[in-house]
2 protein chains.
Amino acid sequence: MTDLFEPLDDHPAYRQVANAIERKIVARALRTGDHLPSETDLARQFGVNRSTVREAIRELEIQGLIGRGRGEKRLKVTRPEPQRVSSDVSRALALHDVTFQELWEAMMALEPAAAEYAAARRTPAELQALTRAAARFRRDAGDTAAAVAAVVEFFTAVAKASGNRVLSLSQAPLNLLLAPALTQMIDRLAQARRRIQEAQEQITAAIRRKDRAEARTWMEKHIRDFKRGFDLRPILTAADEPSGRRKGGR
Amino acid sequence: MTDLFEPLDDHPAYRQVANAIERKIVARALRTGDHLPSETDLARQFGVNRSTVREAIRELEIQGLIGRGRGEKRLKVTRPEPQRVSSDVSRALALHDVTFQELWEAMMALEPAAAEYAAARRTPAELQALTRAAARFRRDAGDTAAAVAAVVEFFTAVAKASGNRVLSLSQAPLNLLLAPALTQMIDRLAQARRRIQEAQEQITAAIRRKDRAEARTWMEKHIRDFKRGFDLRPILTAADEPSGRRKGGR
DNA sequence: AGTGGCAAAATTGTCGGACAGTCGGATTAT
DNA sequence: ATAATCCGACTGTCCGACAATTTTGCCACT
C-alpha cells in the first residue's frame, strides 16, 4: 500500500535559491523596500550561474515578494499586492470549474459580514468611494460591461470599508469570478438593474449612518437577488485578460 | 490631475511567452494533463532563446498551471493545487501584518457557513474524516503542536465537507494563519482544550445528523471561543530562522 | 501479440560568456 | 544649487555546451 520510502524531492538549484531568499523575506531579515543585490552578485554569493539566479528571481517576482517600480532596474522587496494574490485565487477557482452556486454561497457568507463591519468602521473617504461606485452603476446601468464593473467596484469598496484585510482579500477573488457570471445574467433579468441599484443605495445609506444591522440585511437581500439568474454550469472566464498585471499607477 | 499618458508597461519577452501559454491554458486550448512541447521546441515556436522560455516556464510552474510528476521530465498542464494557492494567500496576509481580530472576523463569517453546508451535504467519507480529526484532537490535546494541527485539520475537514470549493479555498488560508496564533493562545487559557473538544464533538454530531442549524450554531460558539485569547498584535508567523538579525548594512 | 531489455535520441538543469540598451550616480557645466 | 553629461553597473536576451536522465524506437525472446 504505502511505499516505505517517499521520493526525496530533489531541489533544483533555482528553487533552493528562491527559497533561501524567500526565507529572508518572510523572516523580515530583508524588509519591504530593501534593495536586493544585483543578479551577478547573487550568483556569486550562491555560487551558481546568473541564469539560475534569474529563474529563482522569476519565482519570487511572480509571487509578488520582490519587484521593481516602473522603469526601475534594481529589484526590491515588496509585499504581495492583494490584487495579484486574489487574481491567482480566482483563476485557480475558475480552472477548477466551480459553479455559480458555490460562488454564491461564499458571497453570501462574506459580503454581509463585510457590510456589517463597514457600517461600523467606514471612514469618510471609504464612504465616498462607496457612493461613487453606486453612482457609477446608476450612470452606466445601460452599458452591460460598465455596469458589471461598477458592481464589482461596489463590492470591493464595501470590503475595503470593512477595515478588515482578511475579509477584503478573501472577498476579492469572488468579485473576479462574479464579473463574467454577472455579465451573462444581468441581461436575462429585466429588473436586475433596478434591484441592484436599489440595494446599493440602501446599503450605502445604512453604512453612511452606521447602521450595522441594516447594512447586513440589505447586503443579504442584494446577494440573494443574484441567485435568480443562477445556473449550475461552471463559470466561464475564458475570454478575459490573463491576470498577471504589473502594479500600475492608475 | 490625471496624467495624459499612462506608462506603457514594457513586456519582457519572458512575460509575453508566459502569458501566451497561460492564455492557451485558461482558454482550455491546452487541457489538464496535456504535455507541453519541449523547451527547445517552445523556443523555436516563439522565436526566442531557450533561456527566455525557461524563465517563462518558471512563472507558470510557480503559479501551478504547469508542473510535472515526481521523476518526470516532460512538463504537463496541471490545475493549481488549492493548497499552494492558499499558502500564497496566507503568506501575503502575514506579510501585511493582519491582526488576529481581522482573522477572527473572517473566520466568523466563513466557518459557520461551511459547517451549515457540511451538515447539508457531507458524504460518509467526509464525515469520517471529521470524526477522525476530532479524535485526533482528543488524543493529542496534551501536545500543543499536535493539538493545533488537529484543530486545523478539523476546520479543513468541515470546509471540505461543505462540498463548496470556493468556501473551502477561501477558508484554507485562514487555517494557516490560525495555527501560529492558536499555538500561542491555547496555553494561556486553561479550559481552552476542553472547550475546543466539546465544540468539535457537538459540531461533528450535528453534521452527522444533518442538523444544519445546530452545526452553524455550534461552529459560531466554537469560533467565538477563540476570541478569548485574542490580541491586537499582528500574527507572528514562523519567526524561525534566527538568521538575518546580525549584520545590518543598511 | 505481448514483454523485457537496451542503446540512441531528446530533454532538462546549469554553466560560461557576450552584447546592446538602460538606469543610477558621479562629474561637470550653468 | 541646478541642470546637462558621461561612464559604469545591470538587466534582458542570446549562443553554445555538457552531464545526467528520460523517453523512445527497435529487436530479440517467449
Side-chain angles (χ1 to χ4, degrees), chain A residues 3 5-22 30 33-78 242 244-249, chain B residues 5-22 30 33-78 249-250:
Chain A
D3 291 336
F5 297 103
E6 55 186 56
L8 29 77
D9 39 6
D10 93 85
H11 290 273
Y14 60 79
R15 187 165 299 286
Q16 292 183 56
V17 171
N19 285 339
I21 299 176
E22 175 182 339
L30 284 171
D34 284 359
H35 284 277
L36 254 61
S38 73
E39 296 177 352
T40 317
D41 203 30
L42 286 171
R44 183 184 56 71
Q45 292 186 41
F46 285 110
V48 300
N49 191 279
R50 188 162 78 96
S51 311
T52 306
V53 167
R54 210 138 212 294
E55 294 188 37
I57 286 179
R58 214 82 302 132
E59 290 200 6
L60 302 172
E61 201 175 354
I62 282 309
Q63 297 182 47
L65 269 73
I66 62 180
R68 59 194 114 220
R70 63 277 168 272
E72 267 178 48
K73 182 155 288 197
R74 298 166 65 186
L75 282 166
K76 46 185 184 176
V77 177
T78 63
R245 271 301 67 64
R246 194 179 290 286
K247 64 180 306 177
Chain B
F5 297 103
E6 55 187 60
L8 30 80
D9 43 1
D10 80 274
H11 287 259
Y14 61 80
R15 187 166 298 283
Q16 292 184 55
V17 171
N19 284 339
I21 299 177
E22 175 182 339
L30 284 171
D34 284 358
H35 284 279
L36 252 63
S38 71
E39 298 177 350
T40 317
D41 205 30
L42 286 172
R44 184 185 55 70
Q45 292 185 41
F46 285 111
V48 299
N49 192 274
R50 188 161 78 99
S51 310
T52 306
V53 167
R54 210 140 213 293
E55 294 189 37
I57 286 179
R58 216 48 62 217
E59 288 202 8
L60 301 172
E61 201 176 354
I62 281 310
Q63 297 183 49
L65 270 74
I66 62 181
R68 64 194 110 217
R70 62 248 180 286
E72 272 178 45
K73 183 159 287 197
R74 297 167 63 187
L75 283 166
K76 46 185 182 178
V77 177
T78 62
R250 168 153 355 284

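In the text below, chain A, chain B and the rest are named by the order of the sequence lines, each starting its count at 1. Atoms considered below: every heavy atom in the structure, side chains included; atoms not considered: hydrogens, waters and symmetry mates.
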Below 4.0 Å: OP1/OP2 of dC15(C) and any side-chain N or O of T52(A): yes
Within residues 38-48 of chain B, residues whose heavy atoms come under 4.0 Å of DNA chain C: S38(B), E39(B)
Quick one, I21(B) and L65(B) - any side-chain contact, counting heavy atoms below 4.5 Å? no
For R54(A), the side chain to side chain donor-acceptor pair (under 3.5 Å) test, sequence neighbours excluded, returns E39(A), E55(B)
Between atom CG in L36(A) and atom P in dC10(D), what is the gap in whole Å? 13 Å
Using a 3.5 Å distance criterion without hydrogens, assess whether the side chain of T78(B) forms a donor-acceptor pair with backbone atoms of G64(B). yes
For the student: nearest non-hydrogen atoms of A20(B) and F46(B), plus distance: CB-CE2, 3.7 Å
Side chain to side chain contact (heavy atoms under 4.5 Å, CB included) between E22(A) and Q63(A), worked out: CA-CA 10 Å; E22(A) 175 182 339; Q63(A) 297 182 47; 4.2 Å; yes
Kindly write out the residues that satisfy side chain to side chain donor-acceptor pair (under 3.5 Å) with S51(A), not counting sequence neighbours, or none if the list is empty. N49(A)
Using the side-chain contact (heavy atoms from CB on, under 4.5 Å) criterion, which residues pair with K73(B)? Sequence neighbours excluded. none
Go through the N and O atoms of the side chain of R50(B) and the base of dG16(D), and report whether any donor-acceptor pair is under 3.5 Å. no
Start with the C-alpha distance between I66(A) and L30(A), add both sets of side-chain angles, then the distance that settles side chain to side chain contact (heavy atoms under 4.5 Å, CB included), and finish with yes or no. CA-CA 10 Å; I66(A) 62 180; L30(A) 284 171; over 6 Å; no
Report the residues that fulfil side-chain contact (heavy atoms from CB on, under 4.5 Å) with Q45(A), sequence neighbours left out, ordered by chain and then residue number. P37(A), D41(A)
Rounded distance in Å - OH (Y14(B)) to P (dC14(D)): 13 Å
What's the CZ-P distance between R58(B) and dG12(D), to the nearest Å? 16 Å
Spacing of N49(A) atom CG relative to dG17(C) atom C1', expressed in whole Å: 9 Å
Roughly how many Å is it from CD in Q16(A) to P in dG13(C), rounded to a whole number? 13 Å
Could you state the atom-to-atom distance from CZ of R68(A) to C1' of dG24(C) in whole Å? 14 Å
Give each protein N/O atom lying under 3.5 Å from an N/O atom of nucleotides 19-23 of chain D, with the pair distance.
from    : atom 1 : to     : atom 2 : distance (Å)
dT21(D) : O2     : K73(B) : NZ     : 2.9

Separation of dG16(C) P from R54(A) CZ (nearest whole Å): 17 Å
Between dA10(C) atom P and L75(B) atom CG, what is the distance in whole Å? 18 Å
